[in-house]
Amino acid sequence: MEPIYLDHAATTPVHPDVWEAMLPFYTANYGNPSSTHSFGRAARTALNRFRDGMARALGCLPSELVFTSGGTESNNMAIFGIMDGRQPGKKHVITTMIEHHAVLHPCEHLESLGFEVTYLPVGPSGLVQVNDVEAAIRPETALISMMYVNNEVGTIQPIEQVGRLARKHGIPFHVDAVQALGKLPLDLAQLPVDVMSLSAHKIYGPKGAGALYVSKHTRLLPHVFGGSQERKRRAGTENVAAIAGFARAVERILPLREESYKHASELRHLMIATLEKQLGSDAIVINGDQEQCVPHILNISFPGISTETLLMNLDLADVAAASGSACTSGSLEVSHVLRAMQLPENVTHSAVRFSFGMGNSREQIETAAHKVATIIQRLRTK
Ligand SMILES: Cc1ncc(COP(=O)(O)O)c(C=O)c1O
């Protein structure tokens, strides 16, 4: 039997349509978009087309999109770019304790340079309180950075309310929307967001491709020098093939958003129901807010069984799941997200993330859930 992949929050397979859109830029159309001859012009025309299409789909201007190498670079560019362009005397950043490391580590670096960072706490379901954001705002606050959807537990943060608050105080607002793209409506014409990070490989696009939306009103200084690409905001020859794939992935995923949501909801309920039936509802703990969440990410604890033991056994049984963010899986460290949620130790030490994709079938979920339950029962009787 084929292994069952339940780790779509880590990455997704490249869709054949995406791959097909990328191929010509590795073969016939290999020009450098900065070259002035016909090969370069063809690549430039294509690049403009991809940027226009993505801007239309996201509700922004083409000139407000900067192509990057992915979510990590976009987050770094947003944080350092805004802080470098800050007004004099502003040296404070507000973020949350449950951000991806691609936000937390740049913030820690800022602290080492003498900036001040407030890491907002979350409640036991992983939600940030808007009141806490308001209370943290100071006259010297230069940036608020908050994720839209948490990659470990799937909770949806109150981005609109925080954005309105940021606008009221004139503070730039950055949103890491890497896990929200294709899952939640993202209309940049409506959302009160100034800067937004996106990544291609979570939506059936290629790895190493991303974008940063920078509203035309936002001052953001560059960090990569050496060329005038991307309106001098990010030097370096554009990865045209990857951008072609990203643009196609966005074009494909947005009309499928509701279908994908419904499919993931069904799989989520099936997984929970099957586990509860076999193990009893007392034997599992579902982490994260059950209302304010995307259905694609299901984080479950099996108290008494360690995360590593379960993941290892699942891998042997051909089920791929994760302990949280891909960067920390493999290490024994407890997830900073679950720790911030202040869950009991037997819950934080036994959490596993299952994340669903369009390619997962109901049969796969039933099989995976039975395998999980059988492993848990076997380990418990040991
Ligand atoms: C919320 C979030 N932000 C940022 C990233 C980093 O994105 P990339 O892998 O494209 O660098 C990820 C990837 O897991 C993520 O889940």
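All values reported here derive from a predicted model rather than from experimental measurement. All ligand and atom numbering here is 1-based and tracks the order in the structure.
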Exercise. Mark the output for K207 as yes if a heavy-atom distance to ligand 1 is under 4.0 Å, and as no if none is.
Key: no
Quiz item: Does the pair E20/R248 count as a salt bridge with the N-to-O cut at 4.0 Å?
Solution: no
Quiz prompt | Region of E73 engaging ligand 1 - heavy atom pairs below 4.0 Å | solution = neither
Quiz prompt | Numbering as shown, the atoms of ligand 1 that approach H201 to under 4.0 Å (heavy-atom distance) | solution = 8 (P), 9 (O), 10 (O)
Self-check item: Heteroatom proximity flag, V178 to ligand 1, N/O under 3.5 Å
Solution: no
Quiz item: Which ligand 1 atoms does G70 reach within 4.0 Å, using its non-hydrogen atoms?
Solution: 10 (O)
Quiz item: Within a radius of less than 6.0 Å around CZ of R167, do more than 12 heavy atoms belonging to other residues, nucleotides or ligands occur?
Solution: yes
Quiz item: Does R353 come within less than 4.0 Å of D7, counting only side-chain N to carboxylate O?
Solution: yes
Practice problem: Compare A102, A180, S199, S197 and give the one whose heavy atom is closest to atom 10 (O) of ligand 1. | Solution: S199
Quiz item: Is T96 reaching over with its side chain to a backbone N or O of I98, donor-acceptor style, under 3.5 angstrom?
Solution: yes
Quiz item: Which of the atoms in ligand 1, numbered in the order shown and given with their element, are less than 4.0 Å from a heavy-atom of T72?
Solution: 6 (C), 7 (O), 8 (P), 11 (O)
Quiz item: Would you say R86's side chain and A142's backbone share a donor-acceptor pair under 3.5 angstrom?
Solution: no
Exercise. May I ask you to say whether E64 pairs ionically with R233, meaning some side-chain N is under 4.0 Å from a carboxylate O?
Key: no
Quiz item: Are E160 and R164 ion-paired here, with the side-chain N under 4.0 Å from a carboxylate O?
Solution: yes
Practice problem: Go through ligand 1 atom by atom and flag the ones less than 4.0 Å from a non-hydrogen atom of D176. | Solution: 1 (C), 2 (C), 3 (N), 4 (C)
Quiz item: Of the backbone atoms (N, CA, C, O) and the side-chain heavy atoms from C-beta on, which set of N75 has a member under 4.0 Å from an atom of ligand 1: side chain, backbone, both, or neither?
Solution: side chain
Quiz item: Relative to ligand 1, is N151 under 4.0 angstrom through side chain, backbone, both or neither, heavy atoms considered?
Solution: side chain
Practice problem: Compute whether any side-chain donor of one residue and acceptor of the other, for E152 and S335, lie under 3.5 angstrom apart. | Solution: yes
Quiz item: Which ligand 1 atoms are under 4.0 Å away from a heavy-atom of M147?
Solution: 1 (C)
